[in-house]
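These notes concern the structure reproduced below.
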Amino acid sequence: MKKPIAWVMDTTGFVTEEFKAHPDVYIVPLNIHFGTEEYIDDGVHLTNDELYRRIKEASEFPKTSQPSAGKFAELYDKLKEEYECAIAVHASAKLSGTIASSTAGAEMSEFKVYAIDSLALSYGLSGLIERGLKLQEQGLEAEEIAQRLEKETANFRNYILIGNLTQLYKGGRMSGAQYYLGSLLQIKPIVQLTSEGELQPIDKVRSHKKAIQYLINHAKKDYEEFGIRHFQIMHGHVMKEAESLKQEVLKEMPDAEILIGDLSSSLAVHAGEGTLAFQWRRDAL
């Protein structure tokens, strides 16, 4: 007898230890390119420490690419022998072609896959997998779970403090004049994944201290208005700063539960070392 649901995610999400150990969760890695060299974003072929070292030393900015439709088809061919269907949660389609590859792979394999655009990255993606697993434990069928998860994407909140202007500049995401002025004035850009899954700048803050308070103020608003208690801090190779942010949050929201995690390598390529992302959802199961 086949198992009901296989769960599929890509490595733009935060891959927890629970996901790695879960028998029904399958993780499809993106690829990272340094010129002609290609690495799999699995934390083994290229560790985070090695990634950030390579970025600093690279003359050419690294790139990422989504898994091919063929790679997904290969996975789905295996899964359809064991499962009735799959629920695949992927990075925002506005930022990655991964969900398109996943859908094409499902069609090639002729396997029923509910592909969900998380409209997010990092824990915004992973949180949907966690919620889906809980809904499955409650006895819901795959189609209803997928419908609920699609609705829940609208409740994701995130504020991202870009930590490395140099990396944004090297990656072509900031002009030379912007880089010069930003460095001179010590401007801290804050960006956000919108409800449409687009990455947009929303503010500029003059100091790191003010930027941290900016993140906390937005979280505290939802803490007080919506009773939010679960938050996530994702960081780009700055664990001490992430821990410091956690302690500052707890000063103002002492009963908050805060998870800290690394940005995946495929996100670190774009976000840069020193980035802090503060995330939560307004809803609760």
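Quick note: residue numbers are just sequence positions, from 1.
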Item to check | Verdict with reasoning, L133 to D24, per side chain to side chain contact (heavy atoms under 4.5 Å, CB included) | outcome: CA-CA 10 Å; L133 288 168; D24 299 322; 5.6 Å; no
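- Between S266 and I32, the closest heavy-atom pair is N-CD1, 4.0 Å.
- For D222 (side chain) and I228 (main-chain N/O), no donor-acceptor pair under 3.5 Å exists by modelled atom type.
- In this structure the side chain of T194 never reaches within 4.5 angstrom of the side chain of K94, judged on heavy atoms.
- Using a 4.5 Å cut-off on side-chain heavy atoms (C-beta onward), Q279 and F231 make no contact.
- Looking only at side-chain heavy atoms (C-beta outward), E84 and K112 stay at 4.5 Å or farther from each other.
- Proximity of a side-chain donor or acceptor of K2 to a complementary backbone N or O of C85 within less than 3.5 Å is not detected.
- The hydrophobic cluster containing L30 does not contain I27, counting ILVMFWY residues as joined when their side-chain heavy atoms lie under 4.5 angstrom apart, directly or transitively.
- Residues H90 and S102 share a closest heavy-atom pair of NE2-OG, 2.9 Å.
- Side-chain atoms of S65 and H33 include a donor-acceptor pair closer than 3.5 Å.
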Next on the checklist: Could you go through E273 and K56, starting from their C-alpha distance and side-chain angles, then the distance that decides it, and tell me whether this counts as side chain to side chain contact (heavy atoms under 4.5 Å, CB included)?
Outcome noted: CA-CA 10 Å; E273 187 170 11; K56 287 178 180 177; 2.9 Å; yes
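- Between the OG1 atom of T11 and the CD atom of Q66 there is a distance of 11.5 Å, given to the nearest 0.5 Å.
- I145 CD1 to K134 NZ: the interatomic distance, rounded to the nearest 0.5 Å, is 13.5 Å.
- Between F14 and L259 there is a side-chain heavy-atom pair separated by less than 4.5 Å.
- Counting heavy-atom neighbours within 6.0 Å of K63 NZ, excluding the residue itself, gives a total of 12 or less.
- Residue E141 holds its CD atom at 12.0 Å from CG of L135, rounded to the nearest 0.5 Å.
- When hydrophobic clusters are built by joining Ile, Leu, Val, Met, Phe, Trp and Tyr residues whose side-chain heavy atoms come closer than 4.5 Å, directly or via intermediates, I40 is not grouped with Y52.
- Residue pairs that meet the ring-ring contact (aromatic ring centres under 6.0 Å, His included) test with at least one member in residues 133-162, sequence neighbours left out, are Y159-H218, Y159-W280.
- Between the side chain of S244 and the main chain of K240, no donor-acceptor pair closer than 3.5 Å is present.
- Considering every non-hydrogen atom in both F278 and L215, the closest pair reads CD2-O, 3.8 Å.
- Take E243 and apply the salt bridge (charged side-chain N to carboxylate O under 4.0 Å, His left out) test, not counting sequence neighbours, and it matches no residue.
- Residues D10 and L125 form a side-chain contact, since some pair of their non-hydrogen atoms from C-beta on lies under 4.5 Å apart.
- A distance of 9.5 Å separates CD of E196 from OG of S92, quoted to the nearest 0.5 Å.
- Here the straight-line distance linking atom CG of L245 with atom CD1 of I258 works out to 7.0 Å at 0.5 Å rounding.
- The pair K78-E82 does not count as a salt bridge, with every side-chain nitrogen at least 4.0 angstrom from each carboxylate oxygen.
- The closest side-chain heavy-atom distance from Q200 to V191 is not below 4.5 Å.
- A distance-only check finds no donor-acceptor pair linking the side chain of T103 to the backbone of A100 [under 3.5 Å].
- How far CG of N48 is from OG of S265: 4.0 Å, rounded to the nearest 0.5 Å.
- Every residue two or more places apart in sequence or in another chain that forms a salt bridge (charged side-chain N to carboxylate O under 4.0 Å, His left out) with E248 is listed here: K251.
- For the pair P62 and R54, the minimum side-chain heavy-atom distance is 4.5 Å or more.
- I99 is not connected to L128 by any chain of hydrophobic side-chain contacts under 4.5 Å among Ile, Leu, Val, Met, Phe, Trp and Tyr, and they are in different clusters.
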Item to check | Verdict with supporting geometry, E50 and R53, side chain to side chain contact (heavy atoms under 4.5 Å, CB included) | outcome: CA-CA 5 Å; E50 178 70 7; R53 185 187 66 78; 2.5 Å; yes
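- Judged as a salt bridge (charged side-chain N to carboxylate O under 4.0 Å, His left out), and not counting sequence neighbours, D203 has no contacts.
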Item to check | Steps toward side chain to side chain contact (heavy atoms under 4.5 Å, CB included) verdict (E241, I212) | outcome: CA-CA 10 Å; E241 289 190 26; I212 292 298; over 6 Å; no
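- In the hydrophobic clustering (ILVMFWY side chains linked at under 4.5 Å, chained through shared members), Y83 is joined by V8, Y26, V28, F72, L75, Y76, L79, F111, V113.
- Ion pairing between R281 and E152 fails under the 4.0 Å rule for side-chain N and carboxylate O.
- Put simply, the side chain of K246 never gets that close to the backbone of I233: no donor and acceptor are under 3.5 Å apart.
- In this structure, the side chain of S101 engages the main chain of P67 through a donor-acceptor pair within 3.5 Å.
- In this structure, K3 and P23 approach most closely via the heavy-atom pair NZ-O, 4.5 Å.
- Closest of all the heavy-atom pairs between V205 and Y214 is CG2-CD1, 4.3 Å.
- Note on residues 114-128: pairs passing side-chain hydrogen bond (donor to acceptor under 3.5 Å, both in side chains), not counting sequence neighbours, are Y123-E130.
- By the 4.5 Å heavy-atom criterion applied to side chains, T275 and H237 are not counted as neighbours.
- Listed for the T98 side chain is no donor-acceptor partner under 3.5 Å among the backbone atoms of A91.
- When each of T12, L193, L119, L267 is tested with L95 by the rule side-chain contact (heavy atoms from CB on, under 4.5 Å), just one qualifies, namely L193.
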